[in-house]
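Quick note: residue numbers are just sequence positions, from 1.
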Amino acid sequence: MLQAYKSKKYLTRMLLSVSVLMIVVLIFASLALQYNAERSSVRMQQEASRKVMNQIQYNVTYMTEVLNNLALSLYLDPNIMPLFTLPSYDEMTVIRSMNSLKQAYLSSSFLHSIMVYNGFDDQTYPVGQLSLNKPDAAMADRLVSLLNRKEKLPRMKLIPMNFSGRERQVDFFSLVIYQNFGAVNNGRESALVLNIKPEWLYDNLESVNVFDEPARSGLLILDASGETIMSGSGEMPFDAELLGAETVRHAGTGAEAFGSFTGKLGQGDKQLVTYMKLRDSDWTIVSVQPYDVVLGGIREMRATSVAVIAVVLLLGVVMSFLMAHKLYRPIERLISQLGLKPGETQASDGGPRAGDELSAVATVYSSMLQKLHWASNEQDKQKRIVKNYHLRTLVANSPSLSREEFLDNIELNGLQIDPDGPYRLVVIKVDGYAEYVRETTPGQRSLYSFAIGNIAEELMRPGPFRCEIADMRGDHVAMLVSPAGEGADTEALARLLRGIQEVVGSYYKLSLSLTVSGSCDSHAGISERYGEAIRLSQYKLLLGHRAIITPEAVDEQARLAEYDFPAETEKKLIESIRANRPEESERSVDLLLSRLSGCQYDHIVHGILHLVDLLKSAVRDLNRNRIVSLPVDLGSLSREALEKETMEEVRDLVVGVCREVHDKLSRMDGDKNAALTDAIKEMIEANYKDSNLSLQGIAAMLHLTPAYVGRIFKTSEFVSVGEYMNDVRLRHAQAYLETKGFSIKEVMELVGYVNESTFFKLFKKTFGVTPKEYRLKKVLE
């Protein structure tokens, strides 16, 4: 049986899941119930203790008020007042006063004794249990010693007195009223003391001490320091000192007069402690009960709940066993239908293993689904191949198909076209096809073609047209269009084609140009319309990218069948290139290309190639007459021009070549002029002393014409050769005047001047002073 359940993992999992869930729910529910019941029981006990303590507080407050009233009446009684201040023995006065005290004592059953202390002559006048013939007479002296202490006893408050030394017991409670008078009595002060029997408070505590187990419980009164004043029970099964310390600690941390806490007071059991601070007193009433006694009823309920839980668990396990087996039957049948043996998690065909029965079913199903998906894809692929083959045959070779074959083709492949026509062909091309081919793989291009076809069919279907897409295995896709309702005109078709362009551009970032052919009424004319669309698509060269080309937009009949380049424009183009005039070259190129735009496509191509040949010829002529050839490679220019798809691209290519030629000409001429200028400067610097040095002499040495040399130098330096020569000579004359001991005439001859007036005139014009003044100025400095 265990082996059978071990093999049926999912069944075992169901049984364990249900059983564990039931156990967890029952345990948590039971714990919550126990916790709530325990809290409720503790709260009930706290409320009961609060009521008991409130009653005790009321009794103490009431008794305190009665005693205060009695003490005040005795204190103010004129018969008793002489006892406080009697300076000498007056027997009759003492007798009257003592009689009044005795009457007051006898009128109250709760009085232990009354004592008047005369601080003037240190005499006591007791009645009751402190009288001379009573057992507690000795306590009067100890009470007097307390009255005579420097720290006075609290006034008008009950003070526990334990002169016998009994543990947790009180001999009586005293209420003291002092009579203040001068310091003539050596600091002693008269006082009235009422002593109350402790039995009234003992009886009160014992009457409310109605715990379930009085021997293990207790009701106590503590003072401000936590010491036990008295308790309502005899032996206490806990540490009284520890109880007092804990009570003081808890009572001191809260502002509430009533509180409770739990803990072990010593080595005993856990205790529930409740306390209340008495008003107008520093006493605290404390109730102590064993925690297990408080929760006695809860334990009975716990035993009952455990029994109920056990029964419910037993029934739950039985029910989960029956339910799990019933739920497992369909799974078992499914496993057998899939070829899995009972207890196995591997298919009969050797499929992958799984964790349990359902995982094995999922594995087998996934494997079957993959095979089915592969088979479906292969079938769809074959259908697409067959359909595309028939479409390509229809588009490229429609005259070879009979009417019956055409109709069978439509029915066999489910073509969405009207058998009766009319038909139009749309050729879809990707703009920038050369770059598109370089940046994509054949597989990517096939996916793009498939996507374009799907988008076209989806956008055309809701409109007044039906279409089929044929991948022509080249740079374009053919779309066979037939009308399917009203409004199937060229304008409506153009709007739909514009939508195809926008969607493809938005999703795939591809720019499309679409060419629409004329219409034909019979399927036999489809190939002819296809050829027309191919021919018209070439006019993208004029209409540009993202164009929708229609027969009306091209109008081949109105275009020039022949074209001759204007000789004057060709001549200007060549001359502008040779003369390095870039603006004129661009104007000539624009004029030639604009004239070509009115021709048929073949002549446009021939014209572009002729324009390229003109550029090549002009560059060859330039290089033929130059020592250093222009570094311009025009070998691939014809191929690059033929790859361009629009006239704008052709124009940019040709103008770019012209600008490159002009830039390199300018750079080379600039380099040549710079070299010539530097040579002229060097010659002047070396021969400035020669008075015969001139522009003609420099040109003769360079084997150039004086006009050419003068023009090149002035263009580069913005001064003439003669002006530059004078600047060099005057600069050297300035140096001679500053550092040499030559005369002015010698300086003039040293720098190449013959005429003294000319030298003086040029020097003063340049430096603002004559040579003599210049030398004198430098000497003075």
Pair Met92-Arg96, side-chain contact (heavy atoms from CB on, under 4.5 Å): steps then yes or no: CA-CA 6 Å; Met92 294 305 298; Arg96 286 196 303 270; 4.0 Å; yes
Stepwise side-chain contact (heavy atoms from CB on, under 4.5 Å) test for Leu447 and Gln444: CA-CA 5 Å; Leu447 289 176; Gln444 289 175 333; 5.6 Å; no
Full working for side-chain contact (heavy atoms from CB on, under 4.5 Å) between Ser30 and Gln34: CA-CA 6 Å; Ser30 177; Gln34 294 291 330; 4.2 Å; yes
side-chain contact (heavy atoms from CB on, under 4.5 Å) between Tyr275 and Leu222, worked out: CA-CA 10 Å; Tyr275 60 87; Leu222 307 180; over 6 Å; no
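Between the side chain of Ser108 and the backbone N or O of Tyr105 there is no donor-acceptor pair closer than 3.5 Å. The backbone N or O of Arg142 lies less than 3.5 Å from a partner atom in the side chain of Ser145, making a donor-acceptor pair. Without hydrogens or angle criteria, Asn118 side chain to Leu83 main chain gives a donor-acceptor distance under 3.5 Å. Judged by distance alone, with hydrogens and angles left aside, the side-chain atoms of Tyr117 form no donor-acceptor pair with the main-chain N or O of Tyr178 at under 3.5 Å. In this structure, the side chain of Lys134 does not engage the main chain of Val127 through any donor-acceptor pair within 3.5 Å.
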Distance-only donor-acceptor hits, side chain of residues 70-78, under 3.5 Å, sequence neighbours excluded:
unit_1	atom_1	unit_2	atom_2	d
Ser73	OG	Asn69	O	3.4
Ser73	OG	Leu70	O	2.7
Asp77	OD1	Asn79	N	3.1

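When all heavy atoms are compared, the tightest approach of His112 to Asp136 is NE2-OD2, 2.9 Å. The heavy-atom pair separating Met115 from Leu147 by the smallest distance is CE-CD1, 4.0 Å. Summarising the geometry of Val288 relative to Gln271, their closest heavy-atom pair is CG1-OE1, 3.6 Å, with the distance given to 0.1 Å. In this structure, Lys197 and Ser109 approach most closely via the heavy-atom pair NZ-O, 3.1 Å. The nearest pair of heavy atoms linking Phe172 to Pro198 is CA-CD, 4.0 Å. For the pair Leu143 and Met161, the tightest heavy-atom approach, listed with the atom from each and the gap, is CD1-CE, 4.1 Å.
Residues Asp223 and Ser225 have side chains that bring a donor and an acceptor to within less than 3.5 angstrom of each other.
Tyr448 and Tyr508 have perpendicular rings, their planes meeting at more than 60° on a 0 to 90° scale where under 30° would count as parallel.
The number of heavy-atom neighbours closer than 6.0 Å to CE of Met319, taken from other residues, nucleotides and ligands shown, is 12 or below.
Taking 4.5 Å as the limit, every side-chain heavy atom of Ser113 sits out of range of all side-chain heavy atoms of Pro126. You'll find the side chain of Thr274 stays beyond 4.5 Å of the side chain of Arg50, heavy atoms only. Side-chain contact between Val170 and Asn162 is absent, with no heavy-atom pair separated by less than 4.5 Å. Inter-residue side-chain proximity for Trp283 and Gln57 is flagged as unmet; no heavy-atom pair is nearer than 4.5 Å. When side chains are defined from C-beta on, Lys277 counts as touching Thr284, because their heavy atoms get closer than 4.5 Å. Looking at heavy atoms from C-beta onward, Pro290 lies out of side-chain contact with Lys270 at the 4.5 angstrom threshold.
Results of the side-chain contact (heavy atoms from CB on, under 4.5 Å) test with Tyr62 over Thr64, Asn59, Val66 single out Val66 as the only residue that passes.
Residue Leu175 holds its CG atom at 6.0 Å from CG of Leu67, rounded to the nearest 0.5 Å. In this structure, Tyr35 OH and Ser40 OG are separated by 10.5 Å, a value rounded to the nearest 0.5 Å. For the atom pair Lys51 NZ and Glu47 CD, the distance stands at 7.0 Å (nearest 0.5 Å). Interatomic distance, CG of Leu26 versus CG of Leu33, reported as 11.5 Å (0.5 Å rounding). Asn195 CG to Leu111 CG: the interatomic distance, rounded to the nearest 0.5 Å, is 8.5 Å. Within the model, atoms CD1 of Ile114 and CD1 of Ile80 stand 7.0 Å from one another, a figure rounded to the nearest 0.5 Å.
Partners of Glu65 under the salt bridge (charged side-chain N to carboxylate O under 4.0 Å, His left out) rule, at least two apart in sequence or in another chain, do not exist in this structure.
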